[in-house]
Q: 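Below: one structure in structure tokens.
In what follows, every chain begins at residue 1, and chains take the letters A, B, ... in the order their sequences are listed. Keep in mind that the numbers below use all heavy atoms, side chains included, and drop hydrogens, waters and symmetry copies.
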Amino acid sequence: MIQSEIESRLRQAVAQHVDDAEQEKILVRPCSDPKHGDFQSNALMALAKKRGMNPRHLAEKVVDDLRLGDICQSVDIAGPGFLNFEIKSKVIEEALAAALKEKIPFVSPASEPQAIIIDFSSPNVAKPMHVGHIRSTILGDSLARILRMLGHKVITDNHIGDWGTQFGMLILGWKTKLNKAALDSDPISELERIYKEINSDDSLREAARYELVKLQQGDEENLKIWRGMIELSQQQFDRVYGRLDVQFNETLGESFYNPYLEEIVEELCAKNIAGVSEGAIVVRFPDDDQLNDKPAIVRKSDGASNYTTTDLATLRYRVEKWSPNKIIYVTDGRQQLHFQQLFKIFRFWNNQFAGQLQHVWFGSILGPDGKPFKTRSGETVRLDELLDEAEQRAFKAVSEKNPELEESEKRTISKIIGIGALKYSDLSSNRQSDYVFDWDKMLSLQGNTAPYLQYAYTRVRSIFRKTTEPNWDKVVINLDAAEELSLAKHLMSFGHTLEMVAEDNRPNYLCNYLYDLAGRFSRFYESCPVIKAGQAERESRLVLCELTGRVLQRGLDALGIQVTEVM
RNA sequence: GCGCCCGUAGCUCAGUUGGAUAGAGCGCUAGUUUCCGGAACUAGAUGUCGCAGGUUCGAAUCCUGCCGGGCGUACCA
């Protein structure tokens, strides 16, 4: 990568003048404004400031020692100490030629691959998956794809909610209220119905608790019912994940960790990490300004453990099984306090673990009224119904645009467009913002949407249906037009964009990059004829088309979105 | 009360170590098609970046205070 090459040479040059320079802060970025050049570095100003040096003077000395003649046309110092680099077009042309041979163009694998566990989705047994699961599922899957693309070993881990007091009610309902026919036709709705029926009747509370105790004590009948509910739920999960094209390496329920909960609480007490308070066992954080009045319960006063304990057991299991460098939890922002506590307790408890623990949180999905997204009747929106609607709306759009397509082809395309639009609308905004769910916007097929990117891809493919593919090894690349150079330079920063996404766990950087790419391609497409050009120019431009197509396809794939030849 | 997050164009949102003149889409106005998919492209108008201080050569970004909103805050996850 040219960018990282400039960066490493700049670091060397800086080291000759500032021996204690923070190397990792010396960064080279694409220019914010192309008139300044191709790449820029702002690092010297901060570096000089911290040491009371004159930034401009430092820049001059560093540039004197910087050997970039083989890459750069020019290296300029601007304003108070910006460094601006202009790349030789020959170097760009060589980079494109090299990219044609790379498996993933413009991406170099991480120099130190890491083992990273991503915990996301986490649906609950006997409940329908709903909009609340969509952000976690889509974000987590995208992060997994991106980290894998960068060469890391990723373990996707689905932590299923298969345990808790609700199972007392569900088992009681199963035994006394179950409608077999309804269970056969729509098991999840029936499970939801019996749960609600029991839950709304206070007189059944004791009986439900009794069923729960029996389940916890290993009663055969109740265990069988419980396993049946898990099985039915897993079928539902698999259908949804299949439609979303999401896969997990590991799927374990909370119940898997039940055998370890007691020993963990005892160990925490033995190590004086936890203590008794108001009948419960809690961990306190007296040394932490933020948590000193926020104890975490690890055993409730009724003797049962809660999710903090389960999560500790899960953490220990994962650390032992996978020895990860990093564990990422993708959940709603409302769980921030829980994860702060969890990570702190785990550090007290297991001080050998050197990996990172990250809580990657996201905001809520709101309806058009600005309140949490619900159906008109106030129910939570089921995920399968949401996917149905996305596909139906896309089908309508595809049918209007391309009525002559076969029915089955329209179906296939509208799945790609509909699911893609849904995913993209979620991934393209800053994950920490709440976002307003808007069908028309995500499928409006204009602006920063998946269909716009997919459309750009179909235009690339359309060109190749009308011409013969050149021998890529022999094409002489020659970039003259401003639109060609603008497109080519942007293509080159694909890998850097993925790295930034991985750094902050923010796929919206990639969305912005792809949107920018599609725009540059459209401008190139408008002003640079490909098929009608003479052979040399045509083949050179076909390289740009081919690489744009590959980067769009890989980039969308990193978001879990597919492309289509026609739409 | 305490903690976290948010407040950027009429609407929905971006904004990469603090960095160069704050950007998109929608909507609005005016254009572009003998040419590879017009689901496109070009041009134009629109901002006290919630308010007030501070740090800095430089602040939407960092610090302090205030206003407004969302969420969390011991036995749900």
Q: Any donor-acceptor pair, under 3.5 Å, between the side chain of A:Lys371 and the base of B:rG70, if you only look at N and O atoms?
A: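 Between B:rG70 and A:Lys371, which were checked side chain against base, a qualifying N/O pair under 3.5 Å is absent.
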Q: What is the distance, rounded to the nearest whole Å, between atom CG of A:Asn448 and atom P of B:rC13?
A: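 Spelled out: CG on A:Asn448 to P on B:rC13 is 13 Å.
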Q: Nearest whole Å is fine: how far is B:rG37 P from A:Arg465 CZ?
A: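 Whole-Å distance recorded here is 8 Å.
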Q: What's the CZ-P distance between A:Phe395 and B:rA39, to the nearest Å?
A: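 Atom-to-atom, A:Phe395 to B:rA39, this comes out as 19 Å.
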Q: Distance alone, cut at 3.5 Å: any donor-acceptor contact between the side chains of A:His338 and A:Asp311?
A: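 Note: A:His338 and A:Asp311 side chains meet the donor-acceptor criterion.
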Q: Checking side-chain polar atoms at under 3.5 Å, does A:Ser428 have a donor or acceptor matched by the opposite partner on A:Asn508?
A: no
Q: Paired with B:rA20 by Watson-Crick or G-U wobble geometry, both distances under 3.5 Å: which nucleotide is it?
A: none
Q: Is a donor on one side and an acceptor on the other found under 3.5 Å between the side chain of A:Ser425 and the backbone of A:Leu422?
A: yes
Q: Is it true that A:Ser364 and A:Arg135 share a donor-acceptor pair across their side chains at a distance under 3.5 Å?
A: no
Q: Answer with yes or no whether the side chains of A:Asn42 and A:Gln40 bring together a donor and an acceptor at under 3.5 Å.
A: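 The answer is yes; a qualifying pair exists.
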Q: Check the phosphate of B:rG15 against A:Asn508, side-chain N and O only, distance under 4.0 Å to OP1 or OP2. Yes or no?
A: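 Yes, because at least one side-chain N or O of A:Asn508 sits under 4.0 Å from OP1 or OP2 of B:rG15.
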Q: Flag as yes if A:His36 stacks onto the base of B:rA20 (centroids under 5.5 Å, planes under 30°), otherwise no.
A: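 Check passed, A:His36 stacks on base of B:rA20.
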Q: Want to settle it: does A:Val436 or A:Tyr455 sit nearer the 5' end of RNA chain B, counting the closest nucleotide to each?
A: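 Closest to the 5' end, via its nearest nucleotide, is A:Val436.
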Q: Would you kindly say whether A:Gln432 and A:Arg506 are connected by a side-chain donor-acceptor distance under 3.5 Å?
A: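 Checked: A:Gln432/A:Arg506 side chains pair up, N/O donor to acceptor below 3.5 Å.
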Q: Does A:Ser433 have a side-chain nitrogen or oxygen under 4.0 Å from the phosphate oxygens OP1 or OP2 of B:rA14?
A: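 Looking at the OP1 and OP2 atoms of B:rA14, one of them is under 4.0 Å from a side-chain N or O of A:Ser433.
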Q: Which one is paired to B:rG38, where only Watson-Crick or G-U wobble pairs with both distances under 3.5 angstrom count?
A: none
Q: OP1, OP2 of B:rC41 versus side-chain N and O of A:Tyr452: anything below 4.0 Å?
A: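 Yes, A:Tyr452 has a side-chain N/O under 4.0 Å of OP1/OP2 on B:rC41.
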Q: Rounding to a whole Å, what distance do you find between A:Ile77:CD1 and B:rG19:C1'?
A: 16 Å
Q: Which ones in residues 398-405 of chain A lie close to RNA chain B, meaning a heavy atom under 4.0 Å from one of its atoms?
A: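 Nucleic-acid contacts, sorted: A:Lys401.
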Q: Nearest-Å distance, CZ (A:Arg393) to C1' (B:rA39)?
A: 17 Å
Q: For residues A:Asn448 and A:Tyr424, is any side-chain donor paired with an opposing acceptor at under 3.5 Å?
A: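 There is such a pair between these side chains.
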Q: For a quick test of reading the model: is some side-chain N or O of A:Arg459 closer than 4.0 Å to OP1 or OP2 of B:rG38?
A: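 Yes, within the criterion.
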Q: In the structure shown, which nucleotide is the Watson-Crick or G-U wobble counterpart of B:rA59, with both distances under 3.5 Å?
A: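 Here B:rA59 is not engaged in any pair, so there is no nucleotide opposite it.
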Q: Would you jot down, in residue-number order, the residues of residues 282-290 of chain A having a non-hydrogen atom under 4.0 Å from RNA chain B?
A: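 Under 4.0 Å from RNA chain B: A:Val282, A:Arg284, A:Gln290.
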Q: Which listed nucleotide (B:rG19, B:rG72, B:rG38) is nearest to the side chain of A:Gln40?
A: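 Of the candidates, B:rG19 comes closest.
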Q: Scan side-chain atoms only and decide if A:Gln340 and A:Gln336 contain a donor-acceptor pair under the 3.5 Å cut-off.
A: no
Q: Return the value, rounded to whole Å, for the distance between atom CE of A:Met442 and atom C1' of B:rC13.
A: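 The answer, rounded to whole Å, is 14 Å.
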Q: To the side chain of A:Leu337, which of B:rU73, B:rG37, B:rC36 is closest?
A: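 Of B:rU73, B:rG37, B:rC36, B:rU73 is nearest to the side chain of A:Leu337.
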Q: For A:Arg334, is there any backbone N or O sitting under 3.5 Å from a side-chain donor or acceptor partner on A:Asp332?
A: yes
Q: Across the strands shown, which category fits A:Ser462 at heavy-atom distances under 4.0 angstrom: base, sugar-phosphate, nothing?
A: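 If one applies the 4.0 Å heavy-atom cut-off, A:Ser462 turns out to touch a base.
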Q: Figure out the CZ/P separation between A:Arg520 and B:rA40, and round it to whole Å.
A: 19 Å
Q: Does either side chain, that of A:His359 or that of A:Thr331, offer a donor lying less than 3.5 Å from an acceptor on the other one?
A: yes
Q: Under a 3.5 Å limit for both distances, which nucleotide forms a Watson-Crick or G-U wobble pair with B:rC28, could you say?
A: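 The answer is B:rG44, by the H-bond criterion.
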Q: Under 3.5 Å, is there any donor-acceptor pair linking the side chain of A:Ser277 to the base of B:rA74?
A: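 For A:Ser277, whose side chain was compared with the base of B:rA74, there is a donor-acceptor pair (under 3.5 Å).
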Q: Paired with B:rA14: which nucleotide, if any, by Watson-Crick or G-U wobble criteria at under 3.5 Å for both distances?
A: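 B:rA14 is unpaired by these criteria.
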Q: Select from A:Gln335 and A:Lys466 the residue whose nearest nucleotide in RNA chain B is closer to the 5' end of that strand.
A: A:Lys466
Q: Are A:Asn430 and B:rG15 close enough that a side-chain N or O sits under 4.0 Å from OP1 or OP2?
A: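 It does, given that an N or O in the side chain of A:Asn430 lies less than 4.0 Å from OP1 or OP2 of B:rG15.
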Q: Counting only side-chain N and O atoms of A:Arg523, is one of them less than 4.0 Å from OP1 or OP2 of B:rU42?
A: yes
Q: Quick one: the side chain of A:Asn84 and the base of B:rA20, do they pair up donor-acceptor inside 3.5 Å?
A: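 Looking at the base of B:rA20, it does pair with a donor or acceptor on the side chain of A:Asn84 (distance under 3.5 Å).
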Q: With both distances under 3.5 angstrom, what nucleotide forms a Watson-Crick or G-U wobble pair with B:rU73?
A: B:rG1
Q: Which base sits across from B:rC51 as a Watson-Crick or G-U pair, both distances under 3.5 Å?
A: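 B:rG65 - that is the nucleotide pairing with B:rC51, both distances being under 3.5 Å.
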Q: Verify the distance criterion only: is there a donor paired with an acceptor across the side chains of A:Ser305 and A:Arg299 at less than 3.5 Å?
A: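 No, no side-chain donor-acceptor contact under 3.5 Å.
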Q: For the base of B:rU12, is there a side-chain donor-acceptor partner from A:Asp438 under 3.5 Å away?
A: no
Q: Using whole Å, report how far NZ of A:Lys294 lies from P of B:rC2.
A: 10 Å
Q: Examine A:Phe343 together with A:Tyr329 and report whether their ring centres are nearer than 6.0 Å.
A: yes
Q: Consider the side chain of A:Met45, meaning its heavy atoms from C-beta on, and name the nucleotide among B:rA14, B:rG19, B:rA74 that approaches it most closely.
A: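 In terms of side-chain proximity for A:Met45, the closest of B:rA14, B:rG19, B:rA74 is B:rG19.
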Q: From the options B:rC2, B:rC41, B:rU17, select the nucleotide whose nearest atom is closest to the side chain of A:Asp293.
A: B:rC2
